[in-house]
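Some notes on the structure that comes next.
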Amino acid sequence: MRPVPSIFERARGRAQASARRLDAALEGFLGRRPGLTRGGLTFWGFLVLLLVAVLAAGFGAAVGGRSVEEVVYAARDGSIVAVEPVSGEALTVYEGSASEEASRFAFVPTTAGGLRWLAFSVLRGGLEEGSPPRADLYTVDPVRQARARLTGAVPGEVFTDPALSPARSRILAVRHESGAPPNVAVMPRSGSRVSLLEPDLESAAPILSAVWISDDALFAWRASSSSPETLSLTAHDLGERRRVTVYETENELVGPLSYHRDSNTAVLAERPRGAPLEKARLKLLVGDEEIPLAGAGDGLGLYDPSPPTRASVMGLDGQMAVLWTDGEEEWGVGLLDPESWSFRKTAVRVELESRHPQISPDGLHVATYDEKDDAITVRRLQDGGLVRRIEGAQPPETALARLQESGFEVPPEAS
Amino acid sequence: MTKGSPWRVPWRMPWRERKAEKGRRRVGPRGFVLLCAVFYALVIGGLAAYKHEVYASSRFDLGNMDQAVWNSSQGRLLEATDENGELTSRLKNHADLLLLLFAPLYWPAPSPHWLLAAQAAVVALGTVPLFWLARRFLRGDSQSDWPAALIAAAYLFNPGLQSANLFDFHAQTMAGTFLLFAFHYLLEKRLLAFVVFAVLAALTKEGIVLAVAMMGLYAIYPLRRPRWGAPIFALCVGYFLVIVLLVIPAFNAGEGSLLVEERYEAFGGSLGGVAKTALTDPLFTLRFVLAGAKSAYLAQLAAPTGFLALLAPHLLAIPLPELAVNLLSERPQMTDIRYHYSAPIIPFAYLAAAAGVRNLLRLFERMEGSHRRPFSWLERIVPGKGLRERLPLLLGLGMLVVGVELDYQNGPLPLFRSPMNDNTAIEPAPASHRAALDEAVALIPIDPGVKVSATNSLGPHLSHRRYLYLFPVIEDADYVIVDQARPAYDTNNSSPVLNLQSLQRLRSDPRYKEIYAENGVLVFEKMERAPPTSA
């Protein structure tokens, strides 16, 4: 009987000899056919080059695709349009209707692009008696130009102000229903399993709006049931069903709450009810602690904090655009750094009573909404130069006004 | 060499001789590698220290390592307070026994800076064996010196390595250097030196010993030294099994590590489950390790070498067990090169790239031997010595350039473009906030018997005590210190809400009094403190 190592030794030797023979045969074969070898090598080279070119083109399209720097807005006819501010190239994400009878209204954040995924809702009906309005939720991938309807709202059910979570795994939206206070609905991006933030809200205070903290937590603004003029900001943990009140105010909010995750800073603007915009002031909440804002000076009206820029934007990591006014002549865009809790003015000056600033993902442009002319203006952040003026935007309060006309309970704070 | 100072060239020397003398004194490839290593150690070591001083380091994983070493220096080997507030041993989850070597340094001066400095220095030192090995695998002659030096320098610019180095402290991050030294001495047939570095590598974490086991297989084939290879393999696998099946369960009441259970849930949550699934359902295993982000992870490992590493798979086989450990895990950080999990794998990618260059050259040589000159058009563009002679240098230079570019785009260095805000980034808090943090930390007694609950970024500044809870775990803490700007262990989950709720409860707890509140930093003191237990 052969010893085991010897068997292995022989097997290994045979395997090596076979490999050598195969190699020599291949060598000989190719050597006898120089044309084939040269042709094969050239073909292989071109194939690799082609593969590299295709990959590079695909990568370029994904990174620099058409949605990257676009301004997305709702047009007067209910269409949702994405416009590339420099070239002016426009893409209709959702087709509205020219007929006033069938006029649709879209709830979409006017945003300076950067959203690989965008959520919006479209309001239909409600003009005639017996046809209660309804608003479905949609998501769209502007790069691939793919659109999907997430929910099929029943008549009388309206989803507004949808927002994707930071990791885009979930969507929240304010849910209006005739005869019930507004609530916040949360669902996975697939749209299945819609759950309400407060399942038994009937007797409680309405939830007016919500902003994501993480994929499993959010801030919500609620009206007080005892004192209708008091608003409270609550933080919710969706997984563990925790809720904690962070802040309360009797003032009127000016613009949405903006949350910066890395510094755990929530920024909101408020003013005394009925006061002009120059009376608006920013509040910085770190946890439940109010932090003073440096660099703003006294008497400057500050409002409408934008969502924080992405960390990848050089020099603007996490900063928010904020509108400022001295109350007399000047209105402009400033930058708030939630990491250092400081504010500085930029060179950008805007039209009187402009609203809703948004910084483009590359940090070069800022878009604002001109309420007087229903137009969106895009300016260079560095020197304030006008890049484009987009006319015919839908005023943000249009759709909520339609809801009120249809008999829905829409608290004044909701707008 | 002329007499006198080695750096001065005598003026009387003829011009040509003087030029030649200066040329000889220029930094050669060895000097270049050493220079890079020293520069890396100073920069990264300095940044790691700075990161800690500006409260950008974390309780997990600097505070817990520091606490384990401090406890070891006090006679309580590898003891630390875990996330749940219980006193446990590091051996409950990992066998990073290398930490014990730092304990004597804590006797004269207990400080986490020992760990941070050692980690940067050891990682930097990895360029030396990498240079030796790359030179050997390129061709081993003097023409291989500069290409090997460039590849070794490119390794230091790997954004993943730098990020792992700046993410607090993990003994595993140093494993790559020890493994390279061990492999070098194995090839040099210096058994004692091999054993020393193999043991150091094995002490960094239990799984690393499997890479040494692979070196045992390498010794059997292709080195054909089964008398070394077989015992190395057997001893390493034996050590791994003893640690995983006996030692770690002994610290978990007979059960396996909870980390293994969490990370390998798809495979039954145990070592046996992983082995069984891999054998009985290899297709599932393959799909699992190539799914989604995991394919991108493999590309992240190979891309900095221009994918040349793929041309020498026999060298990539050495860190294969560690790669499998990462790919089979469900923890996303394990398939992200910016974390310590990949640090033992990265150097072998560069080593394989050097061997890949050599394989490419062999292919060219064979084609030239059969009178086929591939890329002869390229040789017309690169005249003189010809493409083949210059190819290693060009590819080495290419790897360095790609490394610097990738580092600029994705690395953690402050002057570079750092797109991700994560544990590896250095983001100092504003000066006013840091001043508040300094004041708050100063209020906590140094007495190691005082129990403290602290948020994640404050933990490493208070870890020289037996009981250091991670807020919101408070237990019987004498002091609670909270930084509201960085409240959570991981802000990607919802713990900010839990922390807020815990904080509000603490405010209304009559047993605690708020003694400091400034700039979002809060300190609470227990009103009736028990006398400190002896440390």
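Just so it is clear: chains get the letters A, B, ... in the order the sequence lines come, proteins before strands, and each one is counted from 1. Both backbone and side-chain heavy atoms feed into the values below; hydrogens, waters and symmetry mates do not.
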The interface call for B/R507 against chain A, heavy-atom contacts under 4.5 Å, is side chain
Taking side chain as everything from C-beta outward and backbone as N, CA, C, O, which of these in B/R434 sits under 4.5 Å from a heavy atom of chain A? Side chain, backbone, both or neither. neither
Just wondering, are more than 12 heavy atoms of other shown residues or ligands nearer than 6.0 Å to CD in A/Q382? no
Restricting to non-hydrogen atoms, name the atom on B/L500 and the atom on A/V246 that form the minimum distance, rounded to 0.1 Å. CD1-CG2, 3.8 Å
Does the A/D237 side chain pair with the main chain of B/V497, one donor and one acceptor, at a distance under 3.5 Å? no
For A/D288, is there any backbone N or O sitting under 3.5 Å from a side-chain donor or acceptor partner on B/Q504? no
Across all chains, not counting sequence neighbours, the salt bridge (charged side-chain N to carboxylate O under 4.0 Å, His left out) partners of A/R242 are A/E240
Does A/R243 have any salt bridge (charged side-chain N to carboxylate O under 4.0 Å, His left out) partners at least two apart in sequence or in another chain, and if so, which? A/E198
Here the gap from B/Q484 atom CD to A/N264 atom CG, rounded to the nearest 0.5 Å, amounts to 7.5 Å
Gap between atom OG of A/S340 and atom NE2 of B/H433 - 0.5 Å precision: 12.0 Å
Would you mind telling me which of A/L218, A/L285, A/V286 has the largest number of heavy-atom pairs within less than 4.5 Å of chain B? A/V286
If you count heavy-atom pairs within less than 4.5 Å of chain B, which of A/A294, A/P338, A/P292, A/A235 leads? A/A235
Measure distances from A/T265 to the heavy atoms of chain B and classify the residue's part below 4.5 Å as side chain, backbone, both or neither. neither
Atom group of A/T245 that falls short of 4.5 Å from chain B, counting heavy atoms: backbone
Under the side chain to side chain contact (heavy atoms under 4.5 Å, CB included) rule, what do B/N519 and A/E289 come out as? Steps first, then yes or no, please. CA-CA 8 Å; B/N519 233 270; A/E289 197 90 359; over 6 Å; no
